[in-house]
Enquirer: 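Sharing a structure here in structure tokens format.
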Number of protein chains: 4
Amino acid sequence: MTNRWGGVIPPLCTPLASGHEVDVASLERLVDHHLLSGVHGVFALGSAGEATFLPDRQRRTVLETVAKRVAGQVPVFAGAIDTSTLRVLEHIRVASEVGCAAVVVTAPFYVTPHPAEVERHFRTVARQAELPVLAYELPAAVHTSLQSDLVLTLAADGLIAGLKDSSGDDGRLRALATGFRALHESRPVLFTGSELTADDAVRHGVDGIIAGLSNVDPAGYVRLFRAATAGDHIAAAEEQARLAGLQRIVDVAAARIGVTSARIGAMKAALSVLGVIRSAAAATPQLPLNDHEIARIQVVLAESSVR
Amino acid sequence: MTNRWGGVIPPLCTPLASGHEVDVASLERLVDHHLLSGVHGVFALGSAGEATFLPDRQRRTVLETVAKRVAGQVPVFAGAIDTSTLRVLEHIRVASEVGCAAVVVTAPFYVTPHPAEVERHFRTVARQAELPVLAYELPAAVHTSLQSDLVLTLAADGLIAGLKDSSGDDGRLRALATGFRALHESRPVLFTGSELTADDAVRHGVDGIIAGLSNVDPAGYVRLFRAATAGDHIAAAEEQARLAGLQRIVDVAAARIGVTSARIGAMKAALSVLGVIRSAAAATPQLPLNDHEIARIQVVLAESSVR
Amino acid sequence: MTNRWGGVIPPLCTPLASGHEVDVASLERLVDHHLLSGVHGVFALGSAGEATFLPDRQRRTVLETVAKRVAGQVPVFAGAIDTSTLRVLEHIRVASEVGCAAVVVTAPFYVTPHPAEVERHFRTVARQAELPVLAYELPAAVHTSLQSDLVLTLAADGLIAGLKDSSGDDGRLRALATGFRALHESRPVLFTGSELTADDAVRHGVDGIIAGLSNVDPAGYVRLFRAATAGDHIAAAEEQARLAGLQRIVDVAAARIGVTSARIGAMKAALSVLGVIRSAAAATPQLPLNDHEIARIQVVLAESSVR
Amino acid sequence: MTNRWGGVIPPLCTPLASGHEVDVASLERLVDHHLLSGVHGVFALGSAGEATFLPDRQRRTVLETVAKRVAGQVPVFAGAIDTSTLRVLEHIRVASEVGCAAVVVTAPFYVTPHPAEVERHFRTVARQAELPVLAYELPAAVHTSLQSDLVLTLAADGLIAGLKDSSGDDGRLRALATGFRALHESRPVLFTGSELTADDAVRHGVDGIIAGLSNVDPAGYVRLFRAATAGDHIAAAEEQARLAGLQRIVDVAAARIGVTSARIGAMKAALSVLGVIRSAAAATPQLPLNDHEIARIQVVLAESSVR
């Protein structure tokens, strides 16, 4: 099928300069880093991109920079992550103006929605959006879940173009892959958000991988994806094992500054160590990694043959 | 002490016209309804005001309308509720331009912050805000808690002007009242978010009441507050008992559409039944109350002598 | 009304000797300590009594020791805390044999019950129990909640003799007090589990106080209860404030060993410092307080005039 | 490697007769059903076996019946699931007397343990147990998690013979498989609790499958296990897909009576429909499936070729 999204689509980190401005030059280098690695798309303003930390102006700068630098070589997905339907629609408008290919949308949050309100949110967003909508399942941040039945209903009604599933539940993912396949030509695309079981996901019919760690080693995930789609499952599993070793970078500071800051900080530190971005600074109020932790990340990078 | 905030400060509902626009005329009537009832301030863009459902343009309209209509008769607090430090600071800028007296700020959300990051958030916000900052403890929405120690530290350092506590933990509230008193002249103001134990809160030294239900019956909460501050605890408890009866309106639709939509929907339905606002419509994607539920709310209003 | 339970009913700690055996002599002294302080009953094998840590043999020893030492001077409540209906009924049988006055029962746990199953649990327990049943609301341990509607239905049907409410929600507590009063002669007794708002609870019609901290200072809670029932609310609030100061003992080790072990450990350490029980040892696998923490507890005891 | 546990080890349902007694004849037939299907062991008194619903006498009857019927043909694992270290040790004593091969132990629950207390629990249990201990990761019931680091430490210290992982996190499972392999001869056995990703688990080095659904179709899981260990991953995935279809039985009543009762009830209903056990009754207070739901389960069984 032509024009079908899939493959490795890294959720880009957002390099920051002092003053919490987007470091445009670093972001361009990050885009190049990914394009040269053969990724099949990029996803700007996801959780790994610190979307919810950035004001709207900076969010727009990120999308403009990425869309311009990618220049149509691969599709650009844009996170449109906000608390409610109307606010999400505003982010979608910007993504559309800038020329993104699709938007990625979670359930509403802060106020806990009723399941019927989650459905209403997606129906409203899909009807009014200027771009195809991928639903984004991320219960760790949103504190509500997109039930499989809802995802399949929205898909059957042609309202969502796909799903990024970061539930961490691989049984659910396989069931969704089966359910999506049953929709034949109109089936949506399915992405796993897992760093650690991406090879199995692809083997079971998932279309692509949107994994934070692919910021640091996009070439590794591209190799994994190619091996898995070619049926070379041993090679895919070996690559996956190497990447699982690399994933240890996110544990380095977790006990000290919390799981999320340790994760974003580690990816940015690694990209900085690798010379792709200039500064490892994360958006306020996230705590920075210290020198000892960055040194440890360098060791893990070397052990995982990332350079 | 002059210039000290306190008393009944209703967290205003945001009346909406079709198309999800702010119904300015209804909002003005709502402000009048409160001022005539003798409230000591108003709080726009809190959770009851559906702040997180509204785009920035509508948020600004709310603040402008309220500030203009209040015209300095009482202080106007503005919710500056968003996912991160930088986004909160933008909302504060608007509140300042519009002439609000203070802003109300939660911990960051979506990405779970480390406790040290919650502190960093408030320190940064307080340092850069053009207005006094009240911290807002609302774990049900934010999924993280402002530890008492942190609140007291921020207060002692002069960084917060007060706290709105919607923890629902009255033991904590009393301890904070004691802790705040120990700061003498520089003590911050303390507000309870409780509809149901407001009399006790005031009796134990809380400065004021920011309770959703006071949208519907501000005069009742004003009577309660006056009785409690005058030491007439029996009258305060009787008023509190009547208001507890009125609070049953929020249960009417809870089993069908969820606790939060049932709550906001009930307050708007009551205000509509009372002729204060034109429509009970809540922002997308919240589900509306049905006719049966609205009729039930009318019964509760009558039983609670609200007209 | 005669024969009506109420007042201060401490949830007794369970002193342990080495080898995790019940220290019977210390438990007898603890009972005496309470009786001499004028308590209105005792509650053995609650959460503060480490019920779920103790094997059935030790649980029986606790009940036998307490019932014998109390010798009918006040009612003895027995916790019958276990994962399921059938297991709870076995504990009730023992409590009945030993001569307890009533049992205290939570919702089932480990397997999360459906609300209709919680109701079925209490109906079955109540029908088969040889003793009056008090429901025990303790969501922090049980991870499910006894909805007010369920409590009132069970009460109206004559199935529960009372409720110990450790929800920490004082608005709910006042609503339950109102609901219980409406049942007139058949109204059940209502206990608060709050250390910190017991005076207000009594003022609003709660019958009694089952608060962990009353292990350490039963005389203080008895004074508080007497003042509150006599309508001397200022004296009650002053006593409550002193006890809030004493409650700081539970924070001493909380950051190091967790909230629960710090709480049980602090109460046992205080009782040991006061010479009531011999050892502060808590049941395996709880971590013990260290010398520094015990010294700090001694300071708090002195500051709170407990000796 | 000889004497090494692994393969398909169903967590046996516990058939009940009226009066909540164990239906011994049905339990014997269930054991035969499994042995004839070629399972590599059985696990009595797990969560699927309703362990926490049963009094100690019934628990003993289950273990005695199973151990006697199995008669040494395969290893019998026994759940020793209870709230605390001392209570768990009592269950282990019974399992040892009865001749079980190993016990399966969760973290303590009801009182939330500090991570260091979880470790202390396992160290104490392992030191005093008469049988090898398998740790049981089941956060959905226990509300606390066995961190991978703790599992690896206990394994390296020779304190646990294995882990049953029902975390649902397949990335974690693969990391644990890698960590266990690094312990060489002393490496513990690793079981997945997943119904839906068992083929992948085995492919990545997990030793065996302890999945509730294998009660209903043990032969299916045995085929899956054999195909996966033989490297025929296509056949394993096909079997897994068929079993995923069968797993729909647990959804039949979930919306009406809750996830857990729907799951246990569905497995028992299926076993009853298949003629293996006499009654689908579940222990009090679980709600039973209705006739419509049982009919639906029959349809799913037929669609999944289980007869």
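Naming convention: chains lettered A, B, ... in sequence-line order (proteins, then strands); numbering from 1 in each chain.
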Enquirer: Which atoms of S194(C) are under 4.5 Å from chain B, going by heavy atoms: the side chain, the backbone, both sets, or neither?
Expert: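 Contact with chain B involves no heavy atom of S194(C) at all.
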Enquirer: Output the option from D170(B), T178(B), D200(B) having the highest count of non-hydrogen pairs under 4.5 Å with chain C.
Expert: D200(B)
Enquirer: Could you check whether any side-chain heavy atom of Q286(B) comes within less than 4.5 Å of a side-chain heavy atom of K268(B), counting everything from C-beta outward?
Expert: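 Result no, sub-4.5 Å side-chain heavy-atom pair not found.
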Enquirer: Which atoms form the tightest heavy-atom contact between F225(C) and G7(C), and what is the distance?
Expert: CZ-CA, 3.4 Å
Enquirer: What part of D199(C) lies closer than 4.5 angstrom to a heavy atom of chain B: side chain, backbone, both or neither?
Expert: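 D199(C) touches chain B through side-chain heavy atoms alone.
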Enquirer: So which of R203(C), H233(C), Q240(C) has the biggest tally of heavy-atom pairs under 4.5 Å with chain B?
Expert: R203(C)
Enquirer: Between the side chains of R296(C) and E293(C), is the shortest nitrogen-to-carboxylate-oxygen separation below 4.0 Å, so that they form an ion pair?
Expert: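 No, this pair does not count.
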Enquirer: So, do V216(C) and L301(C) sit near enough that their side-chain heavy atoms are less than 4.5 Å apart?
Expert: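 They are in side-chain contact.
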